[in-house]
Amino acid sequence: MGLLERPGYVAGGEISFKSELTSGLDADAMRKLRGKKISMIFQDPLTSLNPLLTVGAQLTETIVAHLKMSQADARERARDLLDRVGITDAEARLDQYPHQFSGGMRQRVVIALALCSEPDVIIADEPTTALDVAVQAQILDLIKELTVERQVGVILITHDMGVISDTTDRVTVMYMGEVVESGPTLQVMGKPQHEYTKSLIAAVPRPQVKLKRFSQISYGGRETRFAIEDLSRNWPEYSNQPGKPLLSVSNLKKRFPISRSIIPGRTKWLTVVDDVSFDIMPGEVFGVVGESGSGKSTLARVISGLHDLDDGKVMFDGNVVNDPSDREAQDRFRREIQMIFQDPFSSLNPRMRVMDIIAEPIRHHKLLVGGNIKQRVDELLDQVGLGTSAAAKFPHEFSGGQRQRISIARALATQPRFLICDEPTSALDVSIQAQILNILKDLQEYLGLTMLFISHDMPVVRQMCDRVAVMRGGKLLEVQKTDDLFENPQTAYTRELLDLMPHLDGLSQEGLELQ
């Protein structure tokens with residue numbers, strides 16, 4: 001694409017497009033090629049879109065520039081593209097801004113942008129990371145259709161082995177900048193030859209079988225120890241009421257205004273969580289699944305107190321926590337319930353050092369003072385496998401997986417009883433995902449932590465959760481034990497989710513630690 005920033009440069013080798021060298025082209029020649037002939041779908045949709053322009057303006061600008069259409073024709077094509085990538089009410093959404101779309105919806109807009117110039121080659125860099133299984137299947141089907149109908153070539157960069165297995169014809173495996181294995185997808189995925197490839201495939205969550213632990217990367221020394229034994233020695237023993245739920249939510253409702261009016265009764269509202277009720281027992285991992293926009297993350301934020309309730313009740317350990325008159329119960333709730341967010345970068349203050357990020361909740365709740373705070377932070381950094389030297393650094397100095405470990409250390413700083421995990425591994429590659437999920441398994445097993453685990457990754461949910469709730473359109477459709485849900489779903493929507501899930505039948509079974 002010619003987007004490599006200085007001081008980076010192409011030190012050797014050649015790049016050719018349609019048998020013509022492109023690696024030596026000047027900036028003007030590359031601009032004619034880039035976007036028109038070769039387009040790119042970037043991983044982070046928010047940074048790929050201009051926040052000051054409507055989605056329609058960005059699409060029509062690209063269409064007019066590359067296809068020389070009138071504004072009216074370009075808008076019509078933009079609407080058709082939004083409809084094709086699965087955005088409902090496309091005409092109205094053209095006039096909205098990127099911040100008014102969910103993460104999955106923004107990714108669909110970015111894909112529409114890549115398609116609007118009718119390119120010959122599409123480079124798709126993690127195009128389905130933020131998407132649920134239904135939308136992921138739709139986007140991948142669209143990519144496969146383009147390769148057949150228009151003979152578009154696609155380079156699909158991803159850490160999702162299910163996407164690789166179901167979509168690609170050939171696959172190349174890279175490690176530390178070098179190709180370690182390459183060949184037909186069925187051959188590489190089914191009978192890998194290189195140790196790194198074997199480790200990657202063994203780390204993939206399986207939808208059909210339950211794993212005791214996720215295999216971690218055994219090639220190149222990448223496995224990192226999590227000192228759960230050290231953590232458990234100083235963990236408080238919480239007493240639970242026998243047979244009583246630790247968390248109980250009743251008839252939760254949350255809505256947001258989508259257009260305000262000073263005239264009473266004219267404000268339009270969108271109900272995101274609609275009459276949701278369930279209980280979570282002590283020591284249980286309770287999963288919530290559903291498509292993008294189903295209300296999963298809003299539900300988590302309502303339970304944690306980040307959003308106010310419109311109606312309903314949240315009870316923790318027998319106390320009503322959304323009662324502002326009971327300050328003591330509110331403070332205890334905020335100390336004993338912590339949240340791990342989907343994006344570890346945006347959930348960490350970039351101006352604060354790791355020491356202060358992890359120490360902040362300790363200071364806020366007045367749990368320790370002085371040098372004891374530093375000692376607790378150092379212990380937590382050791383226990384999540386980062387080491388005490390990480391305390392002096394800033395978030396940007398870490399990889400995505402390391403930042404998520406910092407988020408876990410911060411969540412553990414108050415020694416909570418309950419963790420809310422909102423898509424904690426969706427932005428991580430399969431090897432780092434295995435490490436983070438093993439940490440969460442250890443926390444639940446050794447510390448007896450109770451968890452609300454939100455994910456659109458059905459194989460991960462199969463491995464992590466004791467019971468699963470299915471949401472759609474803000475409503476709770478069904479709650480079942482995990483194995484029962486996967487083997488005997490009660491609603492048509494759940495069956496659809498399971499049918500769309502990558503089945504990974506062609507992946508090697510070598511190195512799996514079955515339960």
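These numbers come from the heavy atoms of this one structure, side chains and all, not from hydrogens, waters or symmetry mates. On a predicted model such as this, the values are computed, not experimentally measured, just so you know.
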Discussion item. I'd like to know whether I122 forms a side chain to side chain contact (heavy atoms under 4.5 Å, CB included) with I41, so could you lay out the CA-CA distance, the side-chain angles of the two residues, the decisive distance to 0.1 Å, and finally the verdict.
Written reply: CA-CA 7 Å; I122 297 174; I41 302 168; 3.8 Å; yes
Worksheet item: Do H307 and F256 come within less than 4.5 Å of each other through their side chains, counting heavy atoms only?
Response: yes
Practice prompt. Would you kindly say whether Q402 and R405 are connected by a side-chain donor-acceptor distance under 3.5 Å?
Written response: no
Worksheet entry | From CE (M339) to CD1 (I454), nearest 0.5 Å | 6.0 Å
Worksheet item: Is the backbone of Q463 close enough, under 3.5 Å, to the side chain of K441 for a donor and an acceptor to pair up by distance?
Response: yes
Worksheet item: Considering only heavy atoms from C-beta outward, does the side chain of V55 approach that of R93 to under 4.5 Å?
Response: no
Discussion item. Donor-acceptor pair, distance only, cut-off 3.5 Å: does the side chain of T54 make one with the backbone of D95?
Written reply: no
Practice prompt. Would you name the heavy atoms of L67 and S117 that are closest together and state the gap between them?
Written response: CD2-O, 3.9 Å
Fill in: Side-chain heavy-atom pair L485, E478 within 4.5 angstrom cut-off
yes
Discussion item. If the threshold is 4.0 Å, N to carboxylate O, is there a salt bridge linking E397 and R403?
Written reply: no
Worksheet item: If you draw a 6.0 Å radius around CZ in R495, do more than 12 non-hydrogen atoms from other residues or ligands fall strictly inside?
Response: yes
Worksheet item: Are the side chains of T167 and V163 in touch, meaning some heavy atoms are under 4.5 Å apart?
Response: yes
Practice prompt. Could you tell me whether R417 and D317 make a salt bridge, using a distance below 4.0 angstrom between a side-chain N and a carboxylate O?
Written response: yes
Worksheet, complete the sentence: All heavy atoms of M69 vs all of R77, minimum pair found to be CE-CD, 3.8 Å
Discussion item. Measuring only between side-chain heavy atoms, which start at C-beta, is K253 closer than 4.5 Å to L309?
Written reply: no
Practice prompt. Please report the shortest heavy-atom distance between K37 and P119, naming the atom on each side.
Written response: O-CB, 3.5 Å
Discussion item. Using only atom types and a distance under 3.5 Å, with no angle test, would you say the side chain of K296 pairs donor to acceptor with the backbone of G290?
Written reply: yes
Discussion item. So V272 and R255, do their side chains get closer than 4.5 Å, heavy atoms only?
Written reply: no
Discussion item. Whether the side chain of E423 engages the backbone of H456 through a donor-acceptor N/O pair (distance < 3.5 Å, no angle test) should be reported.
Written reply: yes
Discussion item. Under 4.0 Å between a side-chain nitrogen and a carboxylate oxygen: does that hold for K254 and D311?
Written reply: no
Discussion item. Rounded to the nearest 0.5 Å, what separates atom CG in L306 from atom CZ in F341?
Written reply: 5.0 Å
Worksheet item: Would you find a donor on one side and an acceptor on the other, under 3.5 Å apart, between the side chain of S277 and the backbone of N251?
Response: yes
Fill in: L419 versus I340, closest heavy-atom pair with distance
CD1-CD1, 4.2 Å
Worksheet item: With no hydrogens and no angle check, is any side-chain donor or acceptor of E91 less than 3.5 Å from a backbone partner on R79?
Response: no
Worksheet item: Where is the tightest heavy-atom contact between F333 and S304, given as atom of each residue plus distance?
Response: CE2-O, 4.0 Å
Discussion item. Can you tell me how far apart CZ (R84) and CG (L142) are? Round to the nearest 0.5 Å.
Written reply: 5.0 Å
Practice prompt. Indicate the atoms forming the closest heavy-atom contact of P282 with L246, along with that distance.
Written response: CD-N, 3.8 Å
Worksheet item: What do you reckon, are the aromatic ring centroids of F286 and F278 less than 6.0 Å apart?
Response: yes
Item to complete: Decide, yes or no, whether a salt bridge links K144 with E149 under the criterion of side-chain N to carboxylate O below 4.0 Å.
Response: no
Worksheet item: Is any side-chain heavy atom of D169 less than 4.5 Å from a side-chain heavy atom of P184?
Response: no
Discussion item. With heavy-atom distances below 4.5 Å as the criterion, would you say the side chains of Q404 and T425 are in contact?
Written reply: no
Worksheet item: In this structure, are over 12 heavy atoms from other groups packed under 6.0 Å from E487 atom CD?
Response: yes
Check residues 465-475 and write down every donor-acceptor pair under 3.5 Å in which the side-chain atom is one partner and the other belongs to a residue at least two apart or another chain.
from: D466; atom 1: OD2; to: V285; atom 2: N; distance (Å): 2.8
from: R467; atom 1: NE; to: E284; atom 2: OE2; distance (Å): 2.5
from: R467; atom 1: NH2; to: D279; atom 2: O; distance (Å): 2.6
from: R467; atom 1: NH2; to: E284; atom 2: OE1; distance (Å): 3.1
from: R467; atom 1: NH2; to: E284; atom 2: OE2; distance (Å): 3.4
from: K475; atom 1: NZ; to: D274; atom 2: OD2; distance (Å): 2.9

Worksheet item: Does the E118 side chain pair with the main chain of L115, one donor and one acceptor, at a distance under 3.5 Å?
Response: no
Worksheet item: Short question: side chain of N349, backbone of R351 - any donor-acceptor pair under 3.5 Å?
Response: yes
Worksheet item: Can you check whether I15's main-chain N or O pairs, donor with acceptor, with T22's side chain at less than 3.5 Å?
Response: yes
Worksheet item: Does a donor on one side chain and an acceptor on the other come within less than 3.5 Å for T185 and T168?
Response: yes
Discussion item. What verdict does the side chain to side chain contact (heavy atoms under 4.5 Å, CB included) test give for R108 and L82, after you've listed the backbone C-alpha separation in whole Å, the side-chain angles of each residue and the deciding distance to 0.1 Å?
Written reply: CA-CA 8 Å; R108 294 188 229 188; L82 288 187; over 6 Å; no
Worksheet item: For K313, does the NZ atom sit with more than 12 other heavy atoms under 6.0 Å from it, leaving out its own atoms?
Response: no
Discussion item. Apply salt bridge (Lys or Arg N to Asp or Glu O under 4.0 Å) to residues K18 and D120 and explain how you reach the verdict.
Written reply: CA-CA 10 Å; K18 293 188 174 180; D120 295 312; 3.2 Å; yes
Discussion item. Looking only at side-chain N and O atoms, does Q342 offer a donor or acceptor that is under 3.5 Å from a partner on S297?
Written reply: no
Discussion item. When you measure from the side chain of Q151 to the backbone of T147, do you find a donor-acceptor pair of N or O atoms at a distance under 3.5 Å?
Written reply: yes
Discussion item. Distance check, rounded to the nearest 0.5 Å: M40 atom CE versus L3 atom CG?
Written reply: 7.0 Å
